[in-house]
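Below: one structure, written as structure tokens.
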Amino acid sequence: MSAPIFSNHGCRLNAYETKAMEELAEGAGLQDAVIINTCAVTAEAVRKARQDIRKLRRTHPDAKLIVTGCAAQTEPDTFAQMEEVDVVIGNTEKMQSNIWADLAGNFGTEPVQVDDIMSVTETAGHLIDGFGTRSRAYVQVQNGCDHRCTFCIIPFGRGNSRSVPAGVVVDQIKRLVDRGFNEVVLTGVDLTSWGADLPSAPRLGDLVMRILKLVPDLLRLRISSIDSIEVDDALLQAIATEARLMPHLHLSLQHGDNLILKRMKRRHSRDDAIEFAQEARRLRPDMTFGADIIAGFPTETEEHFQNSLALVKECDLTWLHVFPYSPRPGTPAARMPQVNGKEIKDRAAKLRAAGDAQVIRHHAAQVGRTHNILMENPHMGRTEQFAEVHFDTEQTEGQIVTTQIAGIKDGQLIA
């Protein structure tokens with residue numbers, strides 16, 4: 001008999017839920033099983049999940065193989081029809097202890113257990129206090145999404161937006177701080193929609209201010225990807241006044257052209273994005289931005305693309321996540337006129353080059369400055385703006401080290 005093996009695909013939230021499943025499986029006494037937590041964000045993600053399933057079946061021929069996650073939720077039949085798979089469970093089911101008890105006992109009398117995700121009204125963020133390395137912990141405060149961007153399948157894998165109550169989040173973070181974590185990251189699918197389904201409809205900024213007030217020993221609070229058009233006044237106040245809120249925001253921008261943004265069904269314009277970036281940096285001069293940008297969205301012309309390229313400098317973005325567009329079956333964008341594959345690849349490369357230039361520029365500005373660096377391992381930590389800093393001498397993992405940036409070596413900051 002052996003403990004179950006978990007394979008995680010996709011986003012930080014999936015990783016959070018994989019940790020919760022590990023605890024649920026252990027509590028149920030599940031043995032000799034392999035669990036794959038899939039991602040559905042692109043067709044390529046689904047292909048990689050299928051590839052991983054076949055590989056894990058070869059290396060664990062006698063284990064029971066369970067598939068779950070967003071791809072299992074959106075296309076359960078795809079995985080149920082694979083001869084390597086024993087059971088498929090949905091995103092709601094994977095967070096339920098009775099499902100794991102059933103898997104440990106009768107081992108899933110039903111080979112497919114995937115209910116309607118749109119009927120779910122609560123999220124299971126309370127199942128674990130967070131996960132992470134010794135340096136930082138991640139806390140799920142929200143799940144699902146009420147928006148329907150034309151390129152995105154995720155709402156059909158995650159369901160509608162639902163929030164973890166503020167009191168539950170605060171109690172989790174208090175326990176994490178008591179365990180020695182110096183930094184906590186708030187995560188969710190559509191983080192800025194937090195609170196809309198709770199009594200009195202609080203906003204994300206209210207949650208941030210409440211955490212910082214009620215957990216005074218928390219040294220660093222970081223928020224993950226946000227939709228800038230949904231940022232509320234309290235979050236702007238926190239950016240302006242709370243030094244413990246890290247000056248690093250990852251923006252879900254997706255494109256820099258207004259027509260393409262409309263075809264994506266995004267709710268902001270390029271001017272909205274630029275205005276937010278300028279205002280956030282006015283409130284917090286040391287603010288840095290990451291951003292998601294899609295290259296080669298259907299109908300994108302060279303002129304449209306140039307607006308995305310220009311947005312990198314107009315918003316002064318530093319950490320780019322560039323996604324070459326690939327059609328996701330089941331989404332409206334997949335039925336739109338597609339851009340040539342080589343053109344998509346070339347445009348993605350240009351965006352990445354622009355991002356690399358921004359990183360070089362950011363690094364050069366840090367030399368000689370003093371930073372508070374959270375150590376991720378004995379020789380590498382990150383500044384408050386999330387830049388990597390390398391140390392020759394060993395430091396204590398998880399601790400915050402105050403030091404001057406001495407220079408740049410091999411494209412990395414050194415202390």
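Note that the coordinates shown come from a computational prediction; the quantities given were computed from them, not determined experimentally.
Contacts of Arg54 classified as salt bridge (charged side-chain N to carboxylate O under 4.0 Å, His left out), with partners at least two apart in sequence or in another chain: none. By the side-chain contact (heavy atoms from CB on, under 4.5 Å) test, Phe6 pairs with Pro4, Thr18, Met21, Glu22, Ala25, Ile35, Trp100, sequence neighbours left out. Thr402 pairs by the side-chain contact (heavy atoms from CB on, under 4.5 Å) definition with Thr370, Asn372, not counting sequence neighbours. Remark: Phe386 engages His248 in a ring pair (Phe, Tyr, Trp, His ring centres under 6.0 Å) (not counting sequence neighbours). Legend: residues meeting side-chain hydrogen bond (donor to acceptor under 3.5 Å, both in side chains) with Arg47, ordered by chain and number and at least two apart, are Glu44. The side-chain hydrogen bond (donor to acceptor under 3.5 Å, both in side chains) test applied to Arg244 returns no partner, not counting sequence neighbours. Tyr325 pairs by the ring pair (Phe, Tyr, Trp, His ring centres under 6.0 Å) definition with Phe297, not counting sequence neighbours. Residues forming a ring pair (Phe, Tyr, Trp, His ring centres under 6.0 Å) with His250 (at least two apart in sequence, or on another chain): His321. Applying the side-chain contact (heavy atoms from CB on, under 4.5 Å) rule to His362 yields the partners Thr288, Thr318, Trp319, Gln366, Gln385, Ala387; only residues at least two apart in sequence or on another chain are considered. With sequence neighbours excluded, no residue forms a side-chain hydrogen bond (donor to acceptor under 3.5 Å, both in side chains) with Arg50.
More than 12 heavy atoms of other residues, nucleotides or ligands sit less than 6.0 Å from atom CD of Gln306. Summarising the local packing, CZ of Arg267 is surrounded by more than 12 heavy atoms from other residues, nucleotides or ligands at distances under 6.0 Å. With a 6.0 Å radius and a threshold of 12 heavy atoms from other residues, nucleotides or ligands, Glu275 has its CD atom at or below the threshold. Within 6.0 Å of CG on Asn340 lie more than 12 heavy atoms contributed by other residues, nucleotides or ligands. More than 12 non-hydrogen atoms from other residues, nucleotides or ligands lie less than 6.0 angstrom from CG of Asn98.
For residues 399-415, no pair satisfies salt bridge (Lys or Arg N to Asp or Glu O under 4.0 Å), with sequence neighbours left out. For residues 294-305, the set of pairs meeting the salt bridge (Lys or Arg N to Asp or Glu O under 4.0 Å) definition, not counting sequence neighbours, comprises Glu300-Arg347, Glu302-Arg347.
Atoms CD1 and NZ, from Ile99 and Lys94 in turn, are 13.0 Å apart once rounded to the nearest 0.5 Å. Annotation: the span from Ile405 atom CD1 to Ile414 atom CD1 amounts to 9.0 Å, rounded to 0.5 Å. In this structure, Asp197 CG and Asn160 CG are separated by 9.5 Å, a value rounded to the nearest 0.5 Å. Taken to the nearest 0.5 Å, the CD atom of Gln399 stands 13.5 Å off from the CD1 atom of Ile373. Here CD1 of Ile53 is found 5.0 Å from CD1 of Ile36. Values are rounded to the nearest 0.5 Å. Note: Lys262 NZ to His268 NE2 = 13.0 Å, rounded to the nearest 0.5 Å.
Among Val339, Asp346, Ile344, the one residue that satisfies the side chain to side chain contact (heavy atoms under 4.5 Å, CB included) test with Pro324 is Ile344. Checking each of Ile173, Val141, Val184, Asp206 against Ile211 for a side chain to side chain contact (heavy atoms under 4.5 Å, CB included) leaves exactly one that passes, namely Ile173.
Contact record, Asp316 with Phe289: O-CD1, 4.1 Å, taken as the closest heavy-atom pair. When every heavy atom of Glu397 is checked against every heavy atom of Pro378, the shortest pair comes out as OE1-CD, 4.5 Å. Considering every non-hydrogen atom in both Ser161 and Gln142, the closest pair reads OG-NE2, 3.0 Å. Listed here is the closest heavy atom pair of Gly90 and Thr68: O-OG1, 3.3 Å.
A donor-acceptor distance shorter than 3.5 angstrom exists from the side chain of Asp232 to the backbone of Gly205, with no hydrogens or angles considered. Side-chain atoms of Ser224 come within 3.5 Å of backbone N or O of Leu186 as a donor-acceptor pair. At least one donor-acceptor pair under 3.5 Å links the side chain of Arg57 to the backbone N or O of His60. A donor-acceptor contact shorter than 3.5 Å links the side chain of Gln338 to the backbone of Ala333. The backbone N or O of Ile153 lies less than 3.5 Å from no partner atom in the side chain of Arg328, so there is not a single donor-acceptor pair. In this structure, the side chain of Asp272 engages the main chain of Ser269 through a donor-acceptor pair within 3.5 Å. Looking at Arg270, its side chain does come within 3.5 Å of a backbone N or O of Gly256 through a donor-acceptor pair. A distance-only check finds no donor-acceptor pair linking the side chain of Thr331 to the backbone of Pro327 [under 3.5 Å]. With hydrogens and angles disregarded, a donor-acceptor distance shorter than 3.5 Å links the side chain of Thr38 to the backbone of Ala72. Side chain of Asn182 to backbone of Gly398: a donor-acceptor contact under 3.5 angstrom is found.
A 4.5 Å side-chain heavy-atom check between Val112 and Phe79 finds every atom pair outside the cut-off. Residues Leu176 and Tyr138 form no side-chain contact, since every pair of their non-hydrogen atoms from C-beta on lies 4.5 Å or further apart. For the pair Asp146/Asp190, no side-chain contact is recorded, criterion being any heavy-atom separation below 4.5 Å from C-beta on. With contacts defined as side-chain heavy-atom distances shorter than 4.5 Å, the pair His379/Glu394 qualifies. The shortest side-chain heavy-atom distance between Pro298 and Arg263 does not fall under the 4.5 Å cut-off. Within the 4.5 Å cutoff, side-chain heavy atoms of Leu253 are placed close to those of Leu317. For the pair Leu249 and Ile239, the minimum side-chain heavy-atom distance is below 4.5 Å. At least one side-chain heavy atom of Cys70 sits less than 4.5 Å from a side-chain heavy atom of Asn91.
Arg266 and His255 share no side-chain donor-acceptor pair at under 3.5 Å. A donor-acceptor contact under 3.5 angstrom links the side chains of Glu75 and Thr78, judged on distance only.
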Next on the checklist: side chain to side chain contact (heavy atoms under 4.5 Å, CB included) for Ile293 and Val312? Distances and angles first, verdict last.
Outcome noted: CA-CA 9 Å; Ile293 300 183; Val312 175; 4.3 Å; yes
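Electrostatic pairing of Glu230 and Arg203 does not count as a salt bridge here, judged by no charged N lying under 4.0 Å from a carboxylate O.
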